[in-house]
Amino acid sequence: MDKSFDPKAIEAKWYARWEASGAFAPSGSGEPYCILLPPPNVTGTLHMGHGFQHTLMDALIRYHRMRGNDTLWQLGDDHAGIATEMVVTRQLAAQGIARADLNRDQFIERVWQWKRESGDSIEQGIRRIGDSGDWSRAVFTMDPMPSRAVTEAFVRLYEQGLIYRGQKLVNWDPVLKTAISDLEVVSTEEDGFLWSIRYDVIDPRPGEPDHLVVATTRPETMLGDVAVAVHPDDERYTSLVANKRRLRLPLTGREIPVIADDYVDREFGTGAVKVTPAHDFNDYAIWQRHAPSGTFAHLPNNGLLNVFTPSARILHDPDGWVQEDRVSIKNLNYRGDSDTGADIAKTALEAVESALTESPILESIPNQYRGLDRYDARKTVLADLDAQGLLVESKPHKLMVPRGDRTQQVIEPYLTWQWFVKMDGFAKRGLELVESGAVKFVPENWTSTYRHWLSNIQDWCISRQLTWGHRIPAWYDAQGGVHVGRDEAEARALGGLGSEVALTQDHDVLETWFSSALWPFSTMGWPDETAMLERGYDKYLPSSVLVTGFDIIFFWVARMIMLTDHFSGRLPFREVYIHGLVRDKDGQKMSKSKGNVLDPLDLIDGISLDALLAKRTAGLMQPQMAKKIEAATRKEFPDGIPAFGADALRFTFAALAGPGRDIKFDLERCEGYKNFCNKLWNAARFVLMNIEPFSPRERGRGEGPGEAQWAGTNEPSSGATRHLLPEGEGKQPATEAERWILTRLHRTLAEVETQFAAYRFDLIAQALYEFTWNEFCDWFVELAKPALNGNDKGAAESTRRTLLVVLDALLHALHPLIPFVTEEIWHEVAPKLGPSTGLRTGIDGNELLITQAYPLASDFAIDAQAERDIEWLRALLSGVRRIRGEMDIPPGKQIPLLFAAGDASDRPRAQTFSASIAFLARVASQRWLEPAETEPASAIAVIGDMRVLIPLAGLIDLDAERARLKKEISRIESEKKKSEGKLGNANFVANAPAEVVEQERARLNGWSVQLDALRDQALRLATA
RNA sequence: GGGUGCUUAGCUCAGCGGUAGAGCACCGCCUUUACACGGCGAUGGUCGUAGGUUCGAUUCCUACAGCACCCACCA
């Protein structure tokens, strides 16, 4: 083995071998364990969030595979409707192709082309991270199988009356010209104005107000006002309401009523609110309350007066619309399937006209506003109001502005026809499944987030005015009749329509999350029974755990729970592990615009400063940020980023995965864990050197380690797990140190098992790190050195075996976190261990660590006595080393050691470990003082009852030791005092549990013994 | 406006009714034959503030402050 570990050299090799061996596929036996990969969007590249999430999932998958589960990691990717459509449109634009120049089929073909490239790059990234998912089963959401499930689900829901088409106010993105989800709208506080406008009362009566003043942040919408609302108990306005007074709507001259509604806050502004039901969600709600009583019956569309075109211009006549709003029309054009030319224009015009028919108020909109963009219209409206003396006040105002999270455009509430899923029944069931504990959130507190959202849910708008996605399986006849079916023929048949009736399929597609909601069973072949059988529907549904971020609890998790239950009667998964967001080292969200994005592949392979700068400053939305980003990047990474390798990156992610927290990604942690991999590598080198007959010191000395088989005393708890150390092979560990390390291994594995069950990846990493570095390397390997070189041949051979066995178990235990380096080392180690008892053999006949059995705690015996003994030895060696360090005794200098006092166990211990003490503390001689002997002036360490003395004899700086003693004495005095205080408190002794009191007494005793010893020496030093 | 989480060593974070921990950074010594991507040792914290419960609170409760995030219709 090389002297240090080089990740690059091994990663590609092992990934290819794992995959070729079939290790990623389910084994077909054992308890099923399944994780669904949250399918990455085909738009993206892999980011740190993926790296993090994938590391956690792969650790779980590898762990369970090694535990003998029939393990499936269902891979896939997501077509990501809006995001992909935007990316491809932008790309076309860069090639000088207007999206409008392509028809539907052509556009979709371009998306597929792009998907193939992008999908490849994501897949490549996933492989580099080491994901051991089953590629042969990977599914794309637009593939035939999941697409069929989408159609089937839609049709069934429609037949069950759970899907309907309706005209409602939705969040509308005027640039994308599609409805978007509430969840895709982000409200940000922005500076704006609050304008107060005077609406005059028609024919005012004496004693009543002759006008009202309403406040608005969006004056342009007043063209669609249908009323002014006041609070029913507001005495200023009761007579206006009671006497049915009407107001003159400025600029249009329309007459509108004054209505009373509880929604109005009397304290805000003048207590009067303009009501624009087609352009405001609150006003829409008011409209819903008042329309049934006929308040708006005289108005077109019962008062839902839409004044905007789809691109948020004020309505204008159809021809003008076609001319001025070319993009909008073209948008409709290319959505016309493979139609071309005249057909397209005709379809477009018809669409516009029908939109206007639904909101026929064009005549009430004065000419000067028609066709204006919403912000231009605002200016003009305000100027005109001002000129007429109707603008009462303009004052600066902070308001929440809704913006689309994709386009950053201001979102309009917009009246359109859309498809909806009725949510009340689903929500109820979704709540039940979580409240009953059938689905558990980890950490648990996410349950309340889920509950809160489902308790306040609206019907789910599932249609999008996009091209890329699953097309809605609904057809329209010339009369506007709607026919839903699995295909056109079925729709026709169900509607009883002859072949002479012309049908047009709905142009819209389903929002991406609709197909995502079906993922747990659509990936398992549903609804096709043959496919279901093939893909293990019965085995892998429910899946075991969903690993995902909190940001998609609503988008995805809740909907999977509801729809999976509805269609399969099963849970999608039993547990949901919610992890945090990966942020940069200052806690900032990583984003392209901030220029603080890290690419996991750059951490694996390293990247030069120049390449990193180029990456971070290319294609910025705000190019002026480039300078700032460059400066910050140069400062943080003056030499670029070194290659850490996939293992180090994975271990970092695991170690940072504390419960319910975002993680700040710190490169220094990553560096530390690369060192950890190197440490493991070198520990392996040490072990191998010492078991190889050809190692320089071993040459000629004879035999190798023999069969490394050891007797654990406990039965393994699972049949799937091999005995690392089969019983009856007869050989017992020869030394205390071996029994100790095997005990520590037992405890570490028990901890790992517990923490895997709790998804505490940070604690898994910590337990294994500590065992590897602080126990195996720092102590066992060091203790092994004198044993290997000593005269006791049995101890030497036994130690060799134990080194090998513990290393082997450790490689297994670490494999789920750091698969590459452990696999590589294992192939050096395994041949020394004798015949493998792995779970499976790869198809190429070569065994791999990835399919070996995970070691269980019970494979290794506990020896509590050995634990105590080694604890004693460690305390002794630490004590001596501390004196050495503080007294500046040169490390190479051999020193004499005297032991004094002590209890019955100390003498045999000192005897047992004398060689270790001599080697590890560089001790020339060890001797017990006879009871009659007086202690010489010495530096002292107290281990339990025993005193360890290093005689001064010219070795020790007297003043330094006096100072050290003084400090130590005062520290122990204060501890003793605290202890005495506690025990002096009658309440403590009376009320605290007996064992706590007992423990406190023991501590007090310990302090006293130490104090006595230290004081004795202090006295001697005073006179020395 | 409602909700959730966080506040522990210089930094990043574990922990938790009964002796305050880790990694990194910092300081000292050491090229000791696995590893300088290393070894040994040392320093460093009234556990956000104020109350309460308890024999005992960093831990449980209450209030407050600061930070972060989520949800929400105040024109």
What do you reckon, are the aromatic ring centroids of A/Trp681 and A/Phe5 less than 6.0 Å apart?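 Centroid separation for A/Trp681 and A/Phe5: below 6.0 Å.
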For residues A/Phe761 and A/Tyr577, establish whether the separation of their ring centroids is below 6.0 Å.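 Yes, they do, as the ring centres are separated by less than 6.0 Å.
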Using a strict 4.0 Å threshold on nitrogen-to-oxygen distance, state whether [X] and [Y] make a salt bridge.
| X | Y | result |
| --- | --- | --- |
| A/Arg266 | A/Asp234 | no |
| A/Lys585 | A/Glu668 | no |
| A/Arg403 | A/Glu190 | yes |
| A/Arg1003 | A/Glu1000 | yes |
| A/Asp191 | A/Lys398 | yes |
| A/Glu412 | A/Arg218 | yes |

Footprint string (nucleotides 35-40 of chain B, 5' to 3'): B base within contact, S backbone only, - free, heavy atoms under 4.0 Å: BSBSSS
Checking A/Asn774 against A/Trp779: is there a side-chain donor and acceptor pair closer than 3.5 Å?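 Distance-only check fails for A/Trp779 and A/Asn774.
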For a quick check under 3.5 Å, do A/Asp261 and A/His290 share a side-chain donor-acceptor pair by atom type? yes
In whole angstrom, give me the gap between the [atom1] atoms of [N] and [M].
| N | M | atom1 | result |
| --- | --- | --- | --- |
| B/C26 | B/C11 | P | 15 Å |
| B/C47 | B/A36 | P | 41 Å |
| B/A42 | B/U54 | P | 41 Å |
| B/G10 | B/U4 | C1' | 30 Å |
| B/A68 | B/C61 | P | 25 Å |
| B/C24 | B/A14 | C1' | 14 Å |
| B/G44 | B/A9 | P | 14 Å |
| B/G48 | B/U8 | P | 6 Å |

Within this structure, what is the [atom1]-to-[atom2] distance between [X] and [N], rounded to whole angstrom?
| X | N | atom1 | atom2 | result |
| --- | --- | --- | --- | --- |
| A/Lys978 | B/G56 | NZ | P | 16 Å |
| A/Phe771 | B/A22 | CZ | P | 19 Å |
| A/Gln588 | B/C67 | CD | C1' | 13 Å |
| A/Trp446 | B/C6 | CH2 | P | 11 Å |
| A/Glu775 | B/A22 | CD | C1' | 14 Å |
| A/Met400 | B/G2 | CE | P | 15 Å |
| A/Phe281 | B/C73 | CZ | P | 9 Å |
| A/Phe761 | B/A22 | CZ | P | 25 Å |

Taking the minimum atom-to-atom distance to the side chain of [X], which one of [options] wins?
| X | options | value |
| --- | --- | --- |
| A/Ala683 | B/U4, B/A34, B/C24 | B/A34 |
| A/Asp265 | B/A14, B/A75, B/C71 | B/A75 |
| A/Val781 | B/C55, B/A34, B/C70 | B/A34 |
| A/Glu668 | B/A34, B/C24, B/A75 | B/C24 |
| A/Phe268 | B/A20, B/C71, B/A75 | B/A75 |
| A/Leu183 | B/C69, B/G18, B/C71 | B/C71 |

5'-to-3' dot-bracket of RNA chain B (Watson-Crick, G-U; under 3.5 angstrom; crossing pairs as [ ]; | other strand): (((((((..((((....[..))))..((((.......))))......(((((..]....))))))))))))....
Pick base, sugar-phosphate or nothing for [X], based on heavy-atom distances below 4.0 Å to the nucleic acid.
| X | answer |
| --- | --- |
| A/Val989 | nothing |
| A/Leu194 | nothing |
| A/Arg266 | nothing |
| A/Asp666 | nothing |
| A/Val214 | nothing |
| A/Cys777 | base |
| A/Pro890 | nothing |
| A/Ala992 | base |

Could you pick out which residue, A/Arg669 or A/Ser187, lies toward the 5' side of RNA chain B when each is mapped onto its nearest nucleotide?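 Going by which nucleotide is closer to the 5' end, it is A/Arg669.
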Using heavy atoms to find the nearest nucleotide of RNA chain B for A/Asp762 and A/Phe550 separately, return the residue whose nucleotide is more 5′. A/Asp762
For a quick test of reading the model: is some side-chain N or O of A/Arg451 closer than 4.0 Å to OP1 or OP2 of B/C70? no
Apply ring pair (Phe, Tyr, Trp, His ring centres under 6.0 Å) to A/Tyr673 and A/Tyr769, showing your working. CA-CA 9 Å; A/Tyr673 294 126; A/Tyr769 183 99; 5.7 Å; yes
What side-chain donor-acceptor pairs closer than 3.5 Å can you find for residues 644-656 of chain A, not counting sequence neighbours?
residue: A/Asp647; atom: OD1; partner: A/Phe820; partner atom: N; Å: 3.1
residue: A/Asp647; atom: OD2; partner: A/Val821; partner atom: N; Å: 2.8
residue: A/Arg650; atom: NE; partner: A/Leu817; partner atom: O; Å: 2.9
residue: A/Arg650; atom: NH1; partner: A/Asp58; partner atom: OD2; Å: 2.8
residue: A/Arg650; atom: NH1; partner: A/Ile129; partner atom: O; Å: 3.0
residue: A/Arg650; atom: NH2; partner: A/Asp58; partner atom: OD2; Å: 2.8
residue: A/Arg650; atom: NH2; partner: A/Pro816; partner atom: O; Å: 2.8
residue: A/Thr652; atom: OG1; partner: A/Ala648; partner atom: O; Å: 2.6

